[in-house]
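As the structure is a prediction and not an experimental result, all values here were calculated from the model. Proteins come first, then strands; the chains are lettered A, B, ... in the order of their sequence lines, and each starts at number 1.
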Protein chains: 2
Amino acid sequence: MARAAAGEKKTTRTRQSLDTRRAQLIAQGMAFFGTRPYDTVSIDDIAEAAGISKGLLYHYFPTKRDYYAAVLEAAAADLRAQTLVDPTLAPDVRMRAGLEAYLDFVKARGPAYVALMRGGIGSDPVIAGILDRVRGHFVDMIVKDLPPHARPRALRVLLRGWVGFVEVTSLAWLESPPGTITKAHLIDTASSMLVLLLGELTPAGASAAG
Amino acid sequence: MARAAAGEKKTTRTRQSLDTRRAQLIAQGMAFFGTRPYDTVSIDDIAEAAGISKGLLYHYFPTKRDYYAAVLEAAAADLRAQTLVDPTLAPDVRMRAGLEAYLDFVKARGPAYVALMRGGIGSDPVIAGILDRVRGHFVDMIVKDLPPHARPRALRVLLRGWVGFVEVTSLAWLESPPGTITKAHLIDTASSMLVLLLGELTPAGASAAG
DNA sequence: CGGGCAACTGACTTCCGTTCAATAGCCCAT
DNA sequence: ATGGGCTATTGAACGGAAGTCAGTTGCCCG
């Protein structure tokens, strides 16, 4: 109601399309949540940085947690998109290409990626689900190239472990001083590990049968 | 001030030693943070469950985050203690024993362990540091048994990855329907992976020399 | 037994997530 | 072009939770 000293930037109210605004807010969220822990980022911070009122954020996301989940989901989609490789390539070449794309992605996004993918809010089922699906996606990519397996579920557990191996080495690589280990070495080792892991599984060597 | 209707349970105030109370609060925190996400647990909840006033909790921990960190640290110490193995055993036997102890621990603690170790508050350096140190501890255990390596830092990055492999497979195992994969199979595979990983490193095979 | 140290309390402040009635930019029918 | 309506947008208000502090009381030690 204080209409007195208007005329300065009262009419700055710019109406945006739903998708545009949503995209802006998600980008804003990536910047914040990639830098600071969830509970230290306030809705006011985000609203101010985005140049909108706090209320508007709730027009797009029902809750702070939902907002965070949306941001994380976007980051996950980004990762998936960035690690797509030409499906016509031979499986082993494709795997190395995917691995390289993954490492490039991690390096390019740096700490923000680390922060987001480390999980944000532990033990929230929705959040954990998003991260699980990212790992599941990579497992799918690998399984797609494999001949049918006698124990698909066991296979998936172990492949998920391999994805964990890649994740953790990536983070360690990112945080290690330069010269500690090369990207090529990482790709070589991860590839070998996958080959060896699959080799462990296909023969009758797997002891735990029945 | 309002001393009027006293006499009921006003004198319930029991004075505890610092260590006792602290231990109680940490146990209480494990129960809460193992079940619910960080930001849905209020100090009031914990205080009420512990039968103390909110103010007292701040007498022991300067901040909710510090409290959380202390709880996580305790959980980590617990894990370390539970996975100690007889150092006189042969290295390979010791490794399998450690692996088994780890899996037993995960199984026994179940979801609470998962929730805590998944990180609670993403991107908080203190929290991340605690989890990093747990992984580092396991890497230390492995490295201790190894002959000196030409590239110790690269070795540690990859061993850290192996620990990640074990972590992720453990969680996948825990959450998978029974019969998916046996503990013995997991131990076999993880052991093989470690042997193979070390085999990849020792020979001149590592392409990326420097 | 009484004095004092430290555990303990509870009320208070501040800040943050969430709600909602009111407002105003933009598109469309006329 | 214009005015009406749909909805993006606002800002103020509410409840609740983190953190503070001056005061209180259990307990040990002389």
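Counting non-hydrogen atoms of neighbouring residues, nucleotides and ligands closer than 6.0 angstrom, the CD atom of E48(A) reaches no more than 12 such neighbours.
Taking atom CD1 on I52(A) and atom P on dT10(D), their separation rounds to 7 Å, with Å as the unit. Rounded to whole Å, atom C1' of dA18(D) lies 13 Å from atom CG of D66(B). The CD atom of E48(A) sits 15 Å away from the C1' atom of dC15(C) (whole-angstrom rounding). At whole-Å resolution of the value, CG in L57(A) and P in dA8(D) are 14 Å apart. Following rounding to the nearest Å, D19(A) (CG) and dA8(D) (P) show an atom-to-atom distance of 10 Å.
For dA6(C), its base sits under 3.5 Å from the side chain of R15(B) at one donor and acceptor pair at least.
Using a cutoff of 4.0 Å between basic side-chain nitrogens and carboxylate oxygens, E73(B) and R80(B) are scored as salt-bridged. Between R109(B) and D78(B), at least one side-chain nitrogen of the basic residue sits less than 4.0 Å from a carboxylate oxygen of the acidic one, meeting the salt-bridge criterion. Salt-bridge annotation for K64(A) and D39(B): absent, with no side-chain N of the basic residue lying under 4.0 Å from a carboxylate O of the acidic one.
Residue H59(B) places at least one side-chain N or O under 4.0 Å from the OP1 or OP2 atom of dA7(C).
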Between the protein and nucleotides 17-21 of chain C, list the N/O to N/O atom pairs that are separated by less than 3.5 angstrom.
unit_1, atom_1, unit_2, atom_2, d
dG17(C), OP1, V41(A), O, 3.4
dG17(C), OP1, K64(A), NZ, 2.7
dG17(C), OP2, I43(A), N, 2.8
dG17(C), N7, K54(A), NZ, 3.3
dT18(C), OP1, T63(A), OG1, 3.3
dT18(C), OP2, Y58(A), OH, 2.9
dT18(C), OP2, K64(A), N, 2.8
dT18(C), O4, K54(A), NZ, 3.1

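Applying the side chain to side chain contact (heavy atoms under 4.5 Å, CB included) criterion to R96(B), with sequence neighbours excluded, gives I187(B), D188(B), S191(B).
Here Y60(B) lies in heavy-atom contact (under 4.0 Å) with sugar-phosphate atoms only.
Judged by distance alone, the side chain of Y102(A) and the main-chain N or O of S170(A) form no donor-acceptor pair under 3.5 Å.
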